Asker: 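The structure under discussion is supplied below as structure tokens; questions concerning it will follow.
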Amino acid sequence: MIPEPTLDISIVIPVHNEAESLPLLHAELDTVLKALGRSYEIIAVDDGSSDDSWPVLKQLAEADPQLVVIRLRRNFGQTAAFAAGFDQARGEVVITIDADGQNDPADIPPLLDKLAEGYDIVSGWRQNRKEPLFTRKIPSRVANAIITSNTGISLHDSGCSLKAYHYEVIKTVKLYGDMHRFIPAFASWMGVKVAEVPVKDRARQFGKSHVGFSRTFRVFLDIFTLSFLLSFQGKPMRLFGGMGLGTGAIGVLILAYLAFIKIFEGALLSNRPILWLGVMLVILGMLFLFFGLLAEMQMRTYYESQDKSIYVTREVIRHGDADANKG
Ligand code: UDP
Ligand code: MG
């Protein structure tokens, strides 16, 4: 069971070498959140910074009881920093925001308003972004198209860190690798309503970006994993078995044809390269089938060892106690 939230809002901030940006961000958040008049906490996760981020955070936390600071033992990456914050979060709404000041805390109230309309996830959509066409814009369009076709969830800007989640989403979805940008896509599995709200994209004032061009390739590999998990996590045999039957069937047809001409026409097979293709496809088909069986066993271990459920309930209504009617 997911623990009940005890606050209205949790803000989660991943921090890696952002010492100069932190005081300003904290002041901006403080102003915006105080004005809302709701209970909140700010959770800043120092992801193994090598600059003064940790001392700065500790100092800020001394003056602000609403600020919770967490320090990871080394640099685990932005996704892990988010996950550490999510584990501590006690708010009914969990909002993620970058530490570098590129997201504007003033965009938080519209996000909350949208969520209150009954959405489970509200994602920021950065307007007027100045991004290079070939290294960033085109890859991100393609990535979004693939995600949309896999999940039915269409976001213009998956990469925007400023997002608001209902706590059930955050507490249900498990994060690995660099997957934080795909939380809405993963959460599509549990049936979520997703909306977008336009937000500002500000220039980085201090420090430098952690990402380069190599991220494009990593993101594509992640989307590949994501598509597989979403489509076949609960039924891997459908994928591997399908491929096994396909390749195996072609192999069997080839071998049957060769057997036919050998037996009835006395053809010589030793000079037929296609013989090897047939043999290879049959073996490959069998291997795929066995892969499928192994994956099915693996999947059962995954769900049962962790008491994971294959469904997520929205609510249960039970009027009265069944035992009381026994008479
Ligand atoms: N970040 C982190 N751990 C890392 C890399 C980044 O916690 O290993 C944080 C970083 O401090 C920032 C956010 O993740 O708050 C986004 O990073 P960055 O601004 O470098 O990414 P970009 O905005 O350029 O995509
Ligand atoms: Mg940034």
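This structure is a prediction, so every number in the text was calculated from the model and none was measured. We number each residue from 1, following the sequence as shown.
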Asker: For residues T225 and D222, is any side-chain donor paired with an opposing acceptor at under 3.5 Å?
Answerer: no

Asker: Is atom CZ of F291 surrounded by more than 12 heavy atoms (other residues, nucleotides or ligands) closer than 6.0 Å?
Answerer: no

Asker: How many angstroms lie between atom NE2 of H180 and atom CD1 of I183, to the nearest 0.5 angstrom?
Answerer: 8.0 Å

Asker: Taking atom types as modelled and ignoring hydrogens, do the side chains of Q66 and D30 form a donor-acceptor contact shorter than 3.5 angstrom?
Answerer: no

Asker: For the CD1 atom of I250 and the CG atom of L277, what is their distance to the nearest 0.5 Å?
Answerer: 8.5 Å

Asker: Under 3.5 Å, side chain of D47 to main-chain N/O of A81, donor-acceptor pair present?
Answerer: no

Asker: Is the backbone of I153 close enough, under 3.5 Å, to the side chain of T151 for a donor and an acceptor to pair up by distance?
Answerer: yes

Asker: Running the 4.5 Å side-chain criterion over Ile, Leu, Val, Met, Phe, Trp and Tyr, what cluster does Y302 land in, apart from itself?
Answerer: M299, Y303, I310, Y311

Asker: Decide yes or no for V219 and P139: does some side-chain heavy atom of the first lie under 4.5 Å from some side-chain heavy atom of the second?
Answerer: no

Asker: In terms of ring plane angle, is the pair F228 and F232 parallel, tilted or perpendicular, where the classes change at 30° and 60°?
Answerer: tilted

Asker: Does atom CD (Q59) have a neighbourhood of more than 12 heavy atoms from anything else shown, all under 6.0 Å?
Answerer: no

Asker: How far apart are the C-alpha atoms of K34 and Y40, what are their side-chain angles, what is the distance that settles it, and do they pass the side chain to side chain contact (heavy atoms under 4.5 Å, CB included) test?
Answerer: CA-CA 9 Å; K34 289 240 161 73; Y40 72 89; 3.8 Å; yes

Asker: Establish, yes or no, whether a centroid distance under 6.0 Å links the rings of F264 and F260.
Answerer: yes

Asker: How about D64 and H26: does a side-chain donor come under 3.5 Å of a side-chain acceptor?
Answerer: yes

Asker: Tell me which pairs pass salt bridge (Lys or Arg N to Asp or Glu O under 4.0 Å) where either residue lies in residues 158-187, with sequence neighbours left out.
Answerer: D178-R218

Asker: Between D120 and H166 (side chain of the first, backbone of the second, donor and acceptor by atom type, cut-off under 3.5 Å), is there such a pair?
Answerer: no

Asker: Taking D51 for the side chain and A19 for the main chain, is one N or O donor matched with an acceptor at less than 3.5 Å?
Answerer: yes

Asker: More than 12 foreign heavy atoms under 6.0 Å from CZ of F220: is that the case here?
Answerer: yes

Asker: Please confirm whether the backbone N or O of G101 pairs with a side-chain atom of S21, one donor and one acceptor, at under 3.5 Å?
Answerer: no

Asker: Is a salt bridge present between R300 and E296, judged by a nitrogen-to-oxygen distance below 4.0 Å?
Answerer: yes

Asker: Can a side-chain donor-acceptor contact be found between S161 and N103 if the only test is distance below 3.5 angstrom?
Answerer: no

Asker: Sorted by first residue and then second, give each salt bridge (Lys or Arg N to Asp or Glu O under 4.0 Å) pair with at least one member in residues 184-212; sequence neighbours left out.
Answerer: E18-R204, E28-R202, D100-R204, D104-K200, D104-R202, D107-K200, R129-D201

Asker: Evaluate the ring planes of H16 and H210, with Trp represented by its six-membered ring, and classify them as parallel (under 30°), tilted (30 to 60°) or perpendicular (over 60°).
Answerer: tilted

Asker: Check the hydrophobic clustering (I, L, V, M, F, W, Y; side-chain heavy atoms under 4.5 Å; chains of links allowed) and say if I108 and I43 are grouped together.
Answerer: no

Asker: Does one side chain, of S227 or N150, offer a donor that lies under 3.5 Å from an acceptor on the other?
Answerer: yes

